[in-house]
Amino acid sequence: MHHLYQIQAQIITNPIPSVEPNRIAVKLIGVCAAHGNMRHGELIFTHYLTSPNIFVCNALLKAFAQNNDWRSTVCYFNYQLVLPNAPDPDEYTFTSVLKACAGLAQAAEGEKIHSLVTKYGCESNLYVKNSLIDLYFKVGCFGIAQKLFDEMDVRDVVTWNTLVSGYCLSGHIDKAKGVFETMAEKTLVSWSTMISGYAKVGNLEEARRLFEEMPERNVVCWNAMIAGYAQNEKYADAINMFRRMQQEGGLAPNDVTSVSVLSACAHLGALDWGKWIDRYIRRKKMELGLSLGNALADMYAKCGCITEARRVFDKMQERDVISWSIIIAGLAMHGNANEAFGCFKEMIAHSVKPNEITFMGLLTACTHAGLVDKGLDYFHMMAPAYDIVPKIEHYGCVVDLLSRAGRLDEAEKLINSMSIKPNVIVWGALLGGCRKYKDAERGERVVHRILELDSEHSGSYVYLSNIYTSMGKFKDAARCRLRMRDNGVMKLPGCSWIEVDNTVYEFFMGDRSHPQSEKIYLMIKELRLKMKLAGYKPKTDIVVHSIDEEEKEDALSVHSEKLAIAFGLISTSEGTTIRIVKNLRVCNDCHDATKIISKIVRREIIVRDRSRFHHFKDGRCSCNDYW
DNA sequence: GTAGGGTTAG
């Protein structure tokens, strides 16, 4: 980048008489675009050129379009139209601006440009036609796109690819497949388009089949496959694909690959892999742009390293709403509510406008710290101050906030006053409060509302049966459980992960499938003995189905996180921090047990559950038992 | 000109 400034300075102080300034500007803008520094490219255009010609105008538009800055592309195009001495747009101009319009999915603007294409006689150009087809697909006008395609006398492979991509984007995957199969010539782009098309509709088997079948592969199709897995919650598959890419592909992962893999790591809590990518990024000196920086910060936050997340965030050159939202949500997950609020203030000071997701972060920060009124303040601030209409997720959070604090009346009133139809999650949050504060009457009412919406809501059945049991209505409780079984209701099985030596091990409740299972159970037995000596009493009252005390205790001791912790203890060296990720919320008993275990074995144990992080150390937890 | 990427309640 440095030499660019030198060249530029030289031109300004010492213009080369024989060279037209526009020619130099075209080159400079090209360099700026390649470096992603369009602020500078814009400067060259606006400040150092007295009479830009068509070449330099096109170079600018192309540069913006290349950097996905579609708004600027359209903006400068419109500017060119109204400027008195500006050159007329040509087919190069239109390809750039049509791409930008497609990116913005602006139908009205697109139609306006289409008419200009005709006016300036560029409609017979193949590039322009291909761009028009793409545009019409992206604004949802399949009919017009197909008609333009049908009317063409000459089509190239890009024309066909555009058609396939258009049908994929609009969800007409079968139509896309039909076109794809009739194509005489297929390029890497054709295959990648189909692969990502299948991935987008969740058909990973078909995506994979095409991937295995294709004659050659580049980074993009590997990325499409990895991203497909990551976006369909098959995070382990995404990472496995990434491993395979390195083993057999002979291709270097790029920033897009890293973003997908980091997202998978974040979801799995696979810190070792995440750190590996971080080192890779540094080794390859990849630029920490918005996407990559955000993905990296989010990975660290979700893997329990909030300090590291903050370090990445601070190092980023540019930060957008997403960056701020990630860091706020990260702090919230770790229970650092005040820091999250501080970050929000900082964000506003940097004049970044918060979005709905930012507020989710703030609200969860309040939930995890039990700051009810602060949460209500944020909730009521959204619409008037920031023009964000609260969505069902925000209501869910606030109902949760009120319910946990025992303000059940307010919570129920809020639900009944909602302009959106409350869903199972909102009611479920209230049900949680009813359980905690033993409000059986309200609880029954809520259960009925939930079962109206979802007859397979396992939590409701379990709750109802517990209520009946505690009231001594054993027959009702039994009937409830029977109904649950008859409806085929299954509780989501508890599952925990632990990463040891770059491998993610998965444990289910009562799991005995692990090769070291015997050792694990021996460890649990030993721990249970030591815990008893330390005065720990299992909280057996939460176990519904068994009667026998001994049996209840057994059921508790094989919760998946206990298995994962036991495995962690036998397979890592003394003093190492143990990191567990869990798909459900950690139960009361496991929470107590883990606190004591951390003291007995003198280890820090970090558990990420469904909603937050618990840092167990020396018999205490960072959540202060509020979760 | 056509393919691949980041944040969202329980």
Side-chain angles (χ1 to χ4, degrees), chain A residues 62 65 68 91-92 94-96 98-99 102 125-135 137 156-166 168-169 187-197 199-200 218-228 230-231 254-264 266 289-299 301-302 320-330 355-361 363-364 367 390-401 403 423-432 450 457 459 492 584-585 609-611:
Chain A
K62 188 182 164 187
N68 296 340
E91 56 267 31
Y92 288 94
F94 285 120
T95 46
S96 297
L98 284 169
K99 180 184 176 173
N125 182 279
L126 183 60
Y127 285 12
V128 173
K129 272 204 173 144
N130 288 345
S131 305
L132 271 170
I133 294 175
D134 189 46
L135 168 75
F137 267 120
D156 65 358
V157 67
V158 177
T159 321
W160 287 92
N161 287 342
T162 308
L163 196 69
V164 173
S165 143
C168 281
L169 286 172
T187 58
L188 268 168
V189 176
S190 331
W191 290 90
S192 305
T193 309
M194 281 309 295
I195 289 172
S196 87
K200 288 237 156 64
N218 63 1
V219 206
V220 175
C221 58
W222 280 99
N223 289 347
M225 206 58 231
I226 293 171
Q231 286 163 3
N254 63 9
D255 51 341
V256 178
T257 327
S258 307
V259 168
S260 291
V261 178
L262 284 170
S263 162
L290 274 180
S291 295
L292 194 54
N294 288 346
L296 195 59
D298 187 48
M299 183 280 292
K302 289 218 171 79
D320 63 359
V321 219
I322 299 179
S323 327
W324 288 98
S325 303
I326 284 169
I327 216 74
I328 289 173
N355 66 12
E356 63 219 37
I357 298 166
T358 321
F359 276 96
M360 288 304 302
L363 291 174
T364 49
T367 307
K391 295 207 308 185
I392 191 108
E393 288 93 335
H394 301 101
Y395 281 101
C397 247
V398 177
V399 170
D400 189 35
L401 191 59
S403 304
N423 62 8
V424 176
I425 293 168
V426 175
W427 286 113
L430 180 57
L431 185 65
I450 293 178
H457 188 259
L492 185 67
L584 304 173
R585 280 185 115 100
D609 75 3
R610 212 187 163 78
S611 69

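These figures come from a predicted structure and were not determined experimentally. Proteins get letters first, then strands, A, B, ... in listed order; numbering begins at 1 in each.
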Side-chain (A/Asn218) to main-chain (A/Cys221) donor-acceptor, under 3.5 angstrom: yes

What does A/Asn423 touch in the nucleic acid at a heavy-atom separation under 4.0 angstrom: a base, only the sugar-phosphate, or nothing? base

Given atom CG of A/Asn355 and atom C1' of B/dT8, what is their separation to the nearest angstrom? 9 Å

Using a 4.0 Å heavy-atom cut-off across all strands, classify A/Ser611 as base, sugar-phosphate, or nothing. sugar-phosphate

Assign A/Lys62 to base, sugar-phosphate, or nothing according to its heavy-atom contacts below 4.0 angstrom with the strands shown. nothing

Any residue meeting side chain to side chain donor-acceptor pair (under 3.5 Å) with A/Thr358, in chain and number order, not counting sequence neighbours: A/Ser325, A/Asn355

Among B/dG5, B/dT2, B/dT7, the one nearest A/Ser325 by side-chain distance: B/dT7

Rounded to whole Å, please give me the gap between CG in A/Leu262 and C1' in B/dT7. 14 Å

What's the closest nucleotide to the A/Asn223 side chain, out of B/dT7, B/dT2, B/dG4? B/dG4

Round to the nearest Å and state the distance from A/Asn161 atom CG to B/dG4 atom P. 12 Å

Taking only the side-chain nitrogens and oxygens of A/Ser260, find out if one of them lies under 4.0 Å from OP1 or OP2 of B/dG5. no

Base, sugar-phosphate alone, or nothing: which one does A/Thr193 contact when heavy atoms must sit under 4.0 Å apart? sugar-phosphate

Please tell me which of the listed nucleotides, B/dT8, B/dA3, B/dG4, lies nearest to the side chain of A/Leu188? B/dA3

So which nucleotide from B/dT8, B/dT2, B/dG5 ends up closest to the side chain of A/Ser165? B/dT2

Minimal heavy-atom distance between A/Ser260 and A/Ala227, with the atoms involved, is OG-CB, 3.6 Å

Nearest-nucleotide pick for A/Met360, side chain only, options being B/dT8, B/dA3, B/dA9: B/dA9

Heavy atoms from C-beta onward define the side chain here; which of B/dG5, B/dT7, B/dT8 lies closest to that of A/Val256? B/dG5

How many Å lie between NZ on A/Lys302 and P on B/dT8, as a whole number? 4 Å

Please answer whether the main-chain N or O of A/Val259 pairs with a side-chain N or O of A/Ser263 as donor and acceptor at a distance below 3.5 Å. no

Could you tell me whether A/Ile326 contacts a base, only the sugar-phosphate backbone, or nothing, with contacts defined as non-hydrogen atoms closer than 4.0 Å? sugar-phosphate

As a test of reading the structure: which of B/dT2, B/dT7, B/dG5 is closest to the side chain of A/Ala227, going by heavy atoms? B/dG5

Is any side-chain heavy atom of A/Cys397 less than 4.5 Å from a side-chain heavy atom of A/Leu401? no

Starting at CG of A/Asn68 and ending at P of B/dA3, how long is that distance when rounded to a whole Å? 11 Å

Give A/Ile195 one of three labels, base, sugar-phosphate or nothing, depending on what nucleic acid heavy atoms sit under 4.0 Å from its own. nothing

Nucleotide nearest A/Ile392 when distance is taken to its side chain, options B/dT8, B/dA9, B/dA3: B/dA9

In whole Å, what is the span from the CH2 atom of A/Trp191 to the C1' atom of B/dG4? 17 Å

Given B/dA9, B/dT8, B/dT2, which nucleotide is nearest the side-chain atoms of A/Ile425? B/dA9

Measure the distance from CG on A/Leu169 to C1' on B/dT2 and round it to the nearest whole Å. 10 Å

In whole angstroms, the gap separating P of B/dA3 from CG of A/Asn254 amounts to 16 Å

Test ring pair (Phe, Tyr, Trp, His ring centres under 6.0 Å) applied to A/Phe359 - qualifying residues, sequence neighbours left out: A/Phe344, A/Tyr386

May I ask you to say what A/Ile133 touches in the nucleic acid, namely base, sugar-phosphate or nothing, with a heavy-atom cut-off under 4.0 Å? nothing

Which part of the nucleic acid, if any, lies within contact of A/Thr162, taking any heavy atom under 4.0 Å across all strands shown: a base, the sugar-phosphate backbone alone, or nothing? sugar-phosphate

Any donor-acceptor pair under 3.5 Å between the side chain of A/Asn218 and the base of B/dA3? yes

Check whether any side-chain heavy atom of A/Met194 lies under 4.5 Å from a side-chain heavy atom of A/Cys168, and answer yes or no. yes

Out of B/dG5, B/dT7, B/dA3, whichever nucleotide has its closest atom nearest the side chain of A/Ile357: B/dT7

Have a look at A/Leu126 and say if it touches a base, only the backbone sugar-phosphate, or nothing, with a 4.0 Å heavy-atom cut-off. base

